[in-house]
2 protein chains.
Amino acid sequence: MLSYTEENYLKAIYHLSSGGEHEVSTNSIAESLQTKAASVSDMLKKLSVKELVEYRRYKGVNISEEGKKEALKIIRKHRLWEVFLVNNLKFNWDEVHEVAEQLEHIKSPLLIKRLDEFLGYPSFDPHGDPIPDEYGVIKDKAKILLKDLEEGNEAIVVAVSDDNPAFLQYCSKLGIKIGTPLKAIDKLEFDNSMQLLLDGDQKINVSKEVSENIWVTD
Amino acid sequence: MLSYTEENYLKAIYHLSSGGEHEVSTNSIAESLQTKAASVSDMLKKLSVKELVEYRRYKGVNISEEGKKEALKIIRKHRLWEVFLVNNLKFNWDEVHEVAEQLEHIKSPLLIKRLDEFLGYPSFDPHGDPIPDEYGVIKDKAKILLKDLEEGNEAIVVAVSDDNPAFLQYCSKLGIKIGTPLKAIDKLEFDNSMQLLLDGDQKINVSKEVSENIWVTD
DNA sequence: ATATTTTTTTAGGTTAATCTAAATTTATAT
DNA sequence: ATATAAATTTAGATTAACCTAAAAAAATAT
């Protein structure tokens, strides 16, 4: 049985490795979990003994297949709960992350099976992130970062970063949500901001920070 | 902010004192939480410093007003989640306690407000226990233990103990649920068992253990 | 009333998860 | 190629929650 803390480490490692493809550094884990590198070193040894990661001192870690399976279980729970909070409990999309961070650790396979059923087997959470199925399989849409959308091209918003409430509130204010059609009018060199046409009528300017946290279909 | 453990202690003390009326002994807390008396002594000192209980060495504890408030918040959450699990996720009444023991510790006032709303402001959980309102006020029905129902008297099942799945499964098997009408036909001296007429047609015999875990309206 | 039993507390230790500071390894820059 | 910087690990503490064993207090039984 994994502890709350072990689950959080696995989730962080999974995300930092973009699903297990890359090696992850001790410092990046520490930063992501708001803790110290020394604490991470300790935990990596522990996860390594449990064969959830492959760890060589000073060389970073790779998540193992078993570790990935565990991470995906937690991510599945997190995203299903987010759907519940938004669809059924009328939470705004900026209010769900923190609560889902708690709910994702509830241990009950039956609960998740029934919640999934209750929600109608959703494929995406309120921020456009794909929900792994019960076997951990993710069926995601092809997407690119808004900042990489070329000038003149049109696209549709399919996902946004989920962990910064202020960012999500700002998106709402701008009128950006999942499904919003937009066009890249102009990209400004000096500050890397972008001019966008939203919904075919509204012209807005978004900073680099914003365009790096929104994904669109090409 | 209370820890998971502190919350469990407060809840146990509240229940053992039947809502703050009685003094609670160290040993009874230890037994109820499946831990050792030494651990309880430590925790009581801690809760006492936080003024959640009034504690005098060797004299047991009384829960304070503040402690009672916290306990009721947790009990409210526990019971609301049980309603959700049974009404919406189709859990059986014997499957909800363990999961609710986890869910009750989720910290989000908005979540509970919205859950309550979503559920239609229920007053009782699936085992007939009253759900404290947002101010901690409990409106319970008058009820007596089935074992105290006098021979010849009729009554209706209004509550059952919630924490033993095997007991709840047995009740289901016997046909005992909330709302079941019954009549005390006979009380047997030698083993303290009772003969009951269920739903006006079915004759069953229940042990002392069973009749001490069912409440009825007199 | 005193001895015995029971209950409770204290003393001292363990484990998981954290930390700081120092040591070590790896990476980078001249 | 070697010095410096950066990243990482180790060493050693700390805290919360637990434990066992011994001591102390309270309850009980003769």
Side-chain angles (χ1 to χ4, degrees), chain A residues 1-17 22-64 67 70-71 74 101-102 104-107, chain B residues 1-17 22-64 67 70-71 74 101-102 104-107:
Chain A
M1 180 88 93
L2 298 181
S3 74
Y4 194 102
T5 310
E6 289 168 331
E7 290 190 343
N8 281 338
Y9 270 89
L10 277 181
K11 193 166 51 115
I13 295 167
Y14 176 87
H15 281 133
L16 289 167
S17 67
H22 310 296
E23 209 152 59
V24 179
S25 74
T26 301
N27 268 354
S28 65
I29 298 168
E31 191 193 16
S32 147
L33 293 175
Q34 304 264 66
T35 183
K36 301 293 148 129
S39 309
V40 175
S41 279
D42 282 352
M43 182 55 87
L44 292 183
K45 272 180 236 156
K46 220 173 121 187
L47 292 176
S48 181
V49 169
K50 293 192 176 188
E51 301 196 331
L52 296 162
V53 299
E54 280 138 36
Y55 171 57
R56 285 148 32 242
R57 292 161 60 252
Y58 295 103
K59 300 290 180 186
V61 271
N62 282 284
I63 198 163
S64 72
E70 290 297 335
I74 304 158
E101 290 278 306
Q102 298 179 60
E104 71 189 6
H105 299 290
I106 302 291
K107 285 171 170 53
Chain B
M1 181 87 94
L2 298 182
S3 73
Y4 193 103
T5 308
E6 288 168 331
E7 290 189 343
N8 281 338
Y9 269 89
L10 277 182
K11 193 167 51 115
I13 295 167
Y14 177 86
H15 280 134
L16 288 168
S17 68
H22 309 296
E23 210 152 60
V24 178
S25 74
T26 300
N27 268 354
S28 66
I29 297 168
E31 191 192 15
S32 148
L33 293 175
Q34 304 263 69
T35 184
K36 301 293 148 131
S39 308
V40 175
S41 278
D42 281 352
M43 182 55 87
L44 292 184
K45 272 180 235 155
K46 217 173 123 188
L47 293 175
S48 180
V49 169
K50 294 192 175 189
E51 301 196 330
L52 296 161
V53 299
E54 281 139 36
Y55 172 57
R56 283 147 35 240
R57 292 162 60 252
Y58 294 103
K59 300 290 181 186
V61 271
N62 284 285
I63 197 162
S64 72
E70 291 297 335
I74 304 158
E101 290 278 306
Q102 297 178 60
E104 72 188 6
H105 299 290
I106 302 292
K107 284 171 172 51

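By convention in this document, chain letters (A, B, ...) are assigned in the order of the sequence lines, proteins followed by strands, and residues within each chain are numbered from 1.
The nearest whole Å value for the distance from the CD atom in B:E6 to the P atom in D:dT15 is 16 Å. Summarising the geometry, the separation between OH on A:Y4 and P on C:dT18 is reported as 11 Å, rounded to the nearest angstrom. Atom CG of A:D42 is separated from atom P of C:dC19 by 10 Å (rounded to the nearest Å). As a whole-Å value, the separation of B:M43 CE from D:dC19 P is 11 Å. The distance between atom CG of B:N8 and atom P of D:dA16, rounded to the nearest whole Å, is 17 Å. At whole-Å resolution of the value, CZ in A:R56 and C1' in C:dT25 are 14 Å apart. Note: CD (A:E23) to C1' (C:dT26) measures 13 Å, nearest angstrom. Counting to the nearest Å, the C1' atom of D:dA16 and the OH atom of B:Y9 are 11 Å from each other.
Taken residue by residue, residues 27-36 of chain A places heavy atoms nearer than 4.0 Å to DNA chain C at A:T35, A:K36.
Applying the 4.0 Å criterion to OP1 and OP2 of D:dT9, one finds that A:T26 has a side-chain N or O inside that range. Close to C:dT8, at under 4.0 Å from its OP1 or OP2, lies no side-chain N or O of B:Y55. Checking the phosphate oxygens (OP1, OP2) of D:dT10, a side-chain nitrogen or oxygen of A:R57 falls inside 4.0 Å. Within the structure, every side-chain polar atom (N or O) of A:S39 is placed at least 4.0 Å from both OP1 and OP2 of C:dT18. Taking 4.0 angstrom as the limit, A:S25 places none of its side-chain polar atoms (N or O) nearer than this to OP1 or OP2 of D:dA7.
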Can you give me every donor-acceptor pair (side chain of residues 4-13 of chain B, partner residue at least two apart or in another chain, under 3.5 Å) with its distance?
residue	atom	partner	partner atom	Å
B:E6	OE1	B:S3	N	2.8
B:E6	OE1	B:K50	NZ	3.2
B:E6	OE2	B:K50	NZ	2.9
B:E7	OE1	B:H105	ND1	2.5
B:E7	OE2	B:K107	NZ	2.8
B:N8	OD1	B:H105	NE2	3.0
B:K11	NZ	B:E101	OE1	3.3
B:K11	NZ	B:E101	OE2	3.0
B:K11	NZ	B:E104	OE1	3.4
B:K11	NZ	B:E104	OE2	2.8

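The side chain to side chain contact (heavy atoms under 4.5 Å, CB included) check on A:N27 picks up A:S25, A:A37, with sequence neighbours excluded.
Checking C:dT18, D:dC19, D:dT10 against every side-chain atom of B:A38, the shortest atom distance belongs to D:dC19.
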- Query: Which is it for A:L16 and A:I29 under the side-chain contact (heavy atoms from CB on, under 4.5 Å) test, yes or no, and what are the steps along the way?
  - Reply: CA-CA 8 Å; A:L16 289 167; A:I29 298 168; 3.9 Å; yes
- Does the pair B:L2 and B:L52 meet the rule for a side-chain contact (heavy atoms from CB on, under 4.5 Å), with working shown? CA-CA 10 Å; B:L2 298 182; B:L52 296 161; 3.6 Å; yes
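For the side-chain hydrogen bond (donor to acceptor under 3.5 Å, both in side chains) condition, the pairs that include at least one residue of residues 51-62 of chain A, sequence neighbours left out, are A:E23-A:N62.
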Enumerate all atom pairs, one protein N or O and one N or O from nucleotides 27-29 of chain C, separated by less than 3.5 Å.
none

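The side-chain heavy atoms of A:V61 and A:S48, taken from C-beta on, include no pair separated by under 4.5 Å.
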- Bracket notation of DNA chain D in which parentheses pair within the strand, [ ] cross earlier pairs, and | pairs with another strand (Watson-Crick or G-U, under 3.5 Å): ||||||||||||||||||||||||||||||
